[in-house]
Number of protein chains: 2
Amino acid sequence: MTEPVVPSARKTYLRGSRPDIRVPMREVRLTSGDAVVLYDTSGPYTDPVQQPDVRTGLPPLRELWIAERCDTEPYEGRAARPEDDGRRAERPGAPALDGLPRRPRRASGDAVTQRAYARRGEITPEMEFAALREGVAPEFVRDELAAGRAVLPANINHPEIEPMVIGREFLVKVNANIGNSAVASSIDDEVEKMTWATRWGADTIMDLSTGRDIHTTREWILRNSPVPVGTVPLYQAVEKVGGDPAELTFDVFRDTVIEQAEQGVDYMTVHAGVLLSYVPLTARRKTGIVSRGGSIMAAWCLAHHQENFLYTRFRELCEIFAAYDITWSLGDGLRPGSIADANDEAQFAELRTQGELTKIAAEFDNQVMNEGPGHIPMHKIKENVDLQQEWCDGAPFYTLGPLTTDIAPGYDHITSAIGAAMIGWYGTAMLCYVTPKEHLGLPDRDDVKAGVIAYKIAAHAADLAKGHPGAQAWDDALSDARFDFRWEDQFNLSLDPDTARAFHDATLPAAPAKTAHFCSMCGPHFCSMKITQDVRRYADEHGLTDQDALTAGMQEKSNEFKASGNRVYLPLSPGA
Amino acid sequence: MTEPVVPSARKTYLRGSRPDIRVPMREVRLTSGDAVVLYDTSGPYTDPVQQPDVRTGLPPLRELWIAERCDTEPYEGRAARPEDDGRRAERPGAPALDGLPRRPRRASGDAVTQRAYARRGEITPEMEFAALREGVAPEFVRDELAAGRAVLPANINHPEIEPMVIGREFLVKVNANIGNSAVASSIDDEVEKMTWATRWGADTIMDLSTGRDIHTTREWILRNSPVPVGTVPLYQAVEKVGGDPAELTFDVFRDTVIEQAEQGVDYMTVHAGVLLSYVPLTARRKTGIVSRGGSIMAAWCLAHHQENFLYTRFRELCEIFAAYDITWSLGDGLRPGSIADANDEAQFAELRTQGELTKIAAEFDNQVMNEGPGHIPMHKIKENVDLQQEWCDGAPFYTLGPLTTDIAPGYDHITSAIGAAMIGWYGTAMLCYVTPKEHLGLPDRDDVKAGVIAYKIAAHAADLAKGHPGAQAWDDALSDARFDFRWEDQFNLSLDPDTARAFHDATLPAAPAKTAHFCSMCGPHFCSMKITQDVRRYADEHGLTDQDALTAGMQEKSNEFKASGNRVYLPLSPGA
C-alpha cells in the first residue's frame, strides 16, 4: 500500500503557520521540469517516507491540536459488548489492533465543534489545514463554517484525519461507500478497501457494514483512515435488536451513537426527517421507500404508531454530537428510487423537516449536511438544490447521484455521473458515488475504482462550471501536454494514469510511441494537431496572429509557405 | 449476426398504410405476459426470419418507393479508379460484393430530397416509416422536414435503410464512428463493426476510413447497413492526392462526392465554414485546430491564400446533394479541442458561416444538419445550442459530446456523456459518441459498445428531460420490475441485458436468485424494497392511502399491525 499514486507523482507538503501543519499534495513532475500540484486524498500511504502499519494505525495528526484546546477530557468510555460485533456474535471476534484503543475523549464543557470555534472567531489548525488544501484564506473557511454553509467533519476521537472542508464555495467532494465482507477477512483487506478508494480520490468514505465484526472492522478503518469516516448508526442499532425494526428504541440507538462517537466516526447519517405522517405519502409511489434507513424508521413508525424517535429526541442527539464534534448527515429516507417518484410530496416533505432540524442543530453549534437524492431526471435536478439551500439555510448538500434514468442497470455510475456533475454545478457540496453494480450486486475493487473515477469527473466538471479558482489549470496543463504530444505528461496528469497509459499501449505499445508527435487516430502520415502546430509556427514567424495581418500580406506569405514545401504535414515516406 | 438482441426480446413490426411499410421494433416480453415495445436500430440481423447474407447485402426496402416517384433515373455512373481504394492502391483490391453494384440513380429533374417532397406537402413512405418509429403523426414529420428543423437522411442509392428522422422534436439520436482497419480483413469483419454498433443502439454510423480499400469497404458497409451512413469525403479526397492537403482541388473533391453519392452515402460532413480569415483566430488557442477536416482546409487555405473552395463553390455541391438526397452535415472544423478554447471567436465565427450556408442549402431543398463541439464546460453548453438554433434557423444540431473536462483520458465516454445529455436536453438532435479510447488509441469492440451505451444513456436522459412522449414509460417499466423483484424483466429491459445479468450473477449466481425477493445489497434478512411492499400492502388493506386516514385511525391500525407480527421484514431464520 506504499506505492505512489502514479510513477511520476510524488508527495509534497504545504507548510502552515506551525510546524505540525503539513498539508499533503500530489506533485506531478512534467518532462519540462515544471510541476503541477494537485489535491491529494491518498494519505500517508503514498508517502514513501512514511510506512503506515495497519496494526497500529496512522499517526494521530490532530492529537496535539485537540489537547491544546483544553476543552475535552479522556474518560473510561462505554464498555464493549458482544452484540457490538454483530447480531449474535457467537463467534470469537476479529483481532483487535495492537496498543489500542486509546481512551476516548469528550467535551468537558461547551460544544467542541469546529462550528463552535468558528462562531467564536477562532481559526483552528484544522481550518488552516483545510484552507491550504483548497488554496483559500483560513478566514474564509472559518466564516463558511460559522455560517453553517460548510462543514469540517472531524470527530475529536479521530485524530488521524487530514482535515478537509465540505461546502458549496469549496471544491466539490466525493464520498465512496464501503462495507465489510460477511466475515472480516483480515485487517489488511478491510483497510485496503478504504485506501483503494482514497487513492483514486475519495474525499470521505462511509462504512456501511451490516454483518459480523462490525465494531472491530470500523475500528480498523478509523485508525487507518486519513479521510473522514461516515456511518449510518441505525444499521448497527437494528443488528443489536436482532434485525427487527419494531424492536428499536431510542436507548439502543443512543448507545450505538455513543459507541461510534468514542471510536471516532466523523459524520453520521440519521433519518430524523422520516415522520409518521409522511409514510403514507409513499404508498402510491412507483418504488416506495428505497432507503434502508428510511424503511427501517417507516416500519418502526407504523409498528408503534408513534412519531420517529430520531425526530422527537433530536435535541438529545445534538448534545452528543456537540460533545464529540460529529457532523450531521441528515438522511433522506424518502428519496425517490425511480424517475417517476422524483420531486414528489414525500421527498419534499422530508426536506422541509430536514430544514427544521438543521436550524435546531445550529442552536447546538452542530455541523450539518443534508442528504439528497437519488433518481431525478435532468430537468428536475436544479429544484432540489434550490429548495435545499433555501429551506436548510445554505447547509452543504450531499447527494447520491442523482441517476438521470432508470434504464441502464450495470452503468449507473454513468447515469448518475451526469446528474452528479449537474447537481454539483448547481451547488451540491459533496457527491456520494454510485458504482456500476448499483441495483445488481456488491461492488468489487474494479467497481469501486470505476465509481470513484466517474465521480471525480463529475466533481471536477462541476468545479470548472462553477469557475472554482484553479480548477481549469489542471485541464490546461493536460491539454498543453496533449497538444505538444507529451504523452507521459498527459498520462501522469490524468485522473487514472494507469488506464490512460494502457489504452495508448493497446494501439501503439512501443516505447518510442510515447514520445511520437502523432497518435494512433490519424497515424504518422497525417495529424491535425501537427498541422495546427505548423500553422501556429508559421503564423508566429510571419506575424499572422490577427486577421488584419492575414488580410494585408497573405498572398506573399502564401508564396513563402509554398516555397517551404507546404510543410503542414509529415510527408508520406516512400513505401510506408 | 442473427442472434436476437436479448434472449427474451423478439422482433416485431408496426404496419403502415401500405404492406411494404413494416417498421421494426424490439418487443420485450415480461414475465407477466405483457410486452414493452422499444425503438430498434439493429436491422434485419436480429430478425430470425431473415437471414441477411453480407455478400449480397440487405433487401432494398426503399427501391420501389424511389422508383414510384418517377423522378430519378439509373445511369452508368462514374467509372471506378485505382486510387478510389487508397492512396497508392498498388495491391489488388478487396473482393467486390456478389451481384453488385446496381447502376446508380440520380434525379432526372428537380431535387429528390425528402425536404423537397415535404415542402410540396407530400408524405413519402420514408416519412411515414420514421413517424411510426417515433410514435408521431406522419404530417408532423413532414412539417418538421419542410421547415428544415429535421432531416431524414436517405440517399436514393441507399435503398437498404430503415428510414429515421433527426430533429429536436424527435427522440435524440446517437451516431457511432467506425473506421476500417489498415487492410480490410473480410466483408464479415467490416460489416460486423457496423452491426455491433447498431445492435447496441447506434442510430447512424459514420465510416471514417482513411486507409486502404476505402471504396470497397464502404460498399460493403452501405449494402449491409440498415441505418444511414455518413462520411467525410475530404478524407478520401486527400488520399487521392497523395495525402497532401495543398494538392487538393475542387474537382478532386467533387469527384469524391459523386463517387460516394453513387454508392449511397446518406450524409456528408463538409468543412465549408473554415474560412481563410478564421484560421489566424486559432493561432493563440490552447489546442489550435483539432478537427482533421478543419486542419486540412486550413492548410489548403494557407498554402493557396485562397478562400476555402468548399465555401466558394458551395452551390455546386448543393446541386449534387439535391440530385441524390445527400444530407449536409456542415462540419465544425474549428471546434474547441480543450476547455480553454470553448466558445471562442474562431468557433462562433464558423458557426455563423454555417448559418449562412444552411440558408443557401435551403434554396436547393437540401437537408442540413450542423455539427457542433467538442470540449465545453457545463456552464457554456447551452449557449452553443441557443446560437446554433438562432443562426441556423432551427436546423438539427449534431454534436461530438461535448466533453466537460480534459483531465480524464481513458474515460472520455463519461466526461462527454455528461455534456451530451445536457446538450441533448437543450435541443441537440443527434449525439456523436465518444469512446473510452478517445485521445489515446483506436477503439476496439468493447470500446464501441461502451461508447454507444454511454450515449444511449445520454440520449434517453435527454428525452426524459425534454418530456418526450413515451420516454418515461421505459423507465417506469424497468422500475416496476425492480420494485417487484422481477429480475429477468429488469435485465431484459436494460440497455445492456448481458451486463446487468452478469453483474447480478457475480454476487448471486444461483438461478433461484433471479426470482428472489431480495438483492445482494441488503441480503435475504433485510430489504428496504420488501419493507416498502409490506408498507404498501398494509396501507392498501387498511385504507391508509392518504394522510387523513393515517391521522384518523392510526393507533388502531398500529395495534393490528403489531398483532400480525410486525411483518415488515423477513425474519431472520435461526442460525442463518
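All of these numbers come straight from a predicted model, not from anything done at the bench.
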Proximal component of B/A450, with respect to chain A [non-hydrogen, under 4.5 Å] | neither
For residues A/F503 and B/D444, determine if any side-chain heavy atom of one lies less than 4.5 Å from a side-chain heavy atom of the other.
-> no
Can you see which heavy atom on B/H439 is nearest to which on A/W487, and at what distance?
-> O-CZ3, 3.5 Å
How many angstroms lie between atom CD1 of A/I457 and atom CD1 of B/I407, to the nearest 0.5 angstrom?
-> 7.5 Å
When rounded to the nearest 0.5 angstrom, what distance separates NE2 in B/H379 from CG in A/L464?
-> 8.0 Å
Residue pair A/A340 / B/Q472: nearest heavy atoms and the distance that separates them = CA-NE2, 3.3 Å
How far apart are the closest heavy atoms of B/A465 and A/M378, and which atoms are they?
-> CB-CB, 3.8 Å
Work out which heavy atom in B/P409 is nearest to a heavy atom in A/A500; give both atom names and the distance.
-> O-CB, 3.8 Å
Check each atom of A/P443 against the heavy atoms of chain B and say whether the ones under 4.5 Å are side chain, backbone, both or neither.
-> neither
Is A/T287 close to B/R482 at the side-chain level, that is, under 4.5 Å between some pair of heavy atoms?
-> no
Name the option with the most non-hydrogen atom pairs under 4.5 Å to chain B; the candidates are A/S338, A/G294, A/P377, A/A421.
-> A/A421
Part of A/A420 within contact of chain B (heavy atom distance under 4.5 Å) | neither
Got B/V290 and A/F483 here, is their nearest side-chain heavy-atom distance under 4.5 Å?
-> no
A/L493 portion near chain B, given a 4.5 angstrom heavy-atom threshold | backbone
Between A/S479 and B/D406, the two heavy atoms sitting closest are OG-OD2, 2.7 Å
With a 4.5 angstrom heavy-atom cut-off, which part of B/L495 approaches chain A: side chain, backbone, both or neither?
-> both
Residue part contacting chain A, namely of B/A506, when any heavy atom lies under 4.5 Å | side chain
Using a cut-off of under 4.5 Å on heavy-atom pairs, state which of B/L403, B/I381, B/I418, B/T404 scores highest against chain A.
-> B/I418
Whether A/D475 side chain and B/T405 backbone form a donor-acceptor pair below 3.5 Å | no
Work out which heavy atom in B/H504 is nearest to a heavy atom in A/L440; give both atom names and the distance.
-> CD2-O, 3.3 Å
How far does NZ of B/K456 sit from CD1 of A/I414, to the nearest 0.5 angstrom?
-> 14.5 Å
Looking at B/T415, B/D341, B/D505, which has the largest count of heavy-atom pairs under 4.5 Å with chain A?
-> B/T415
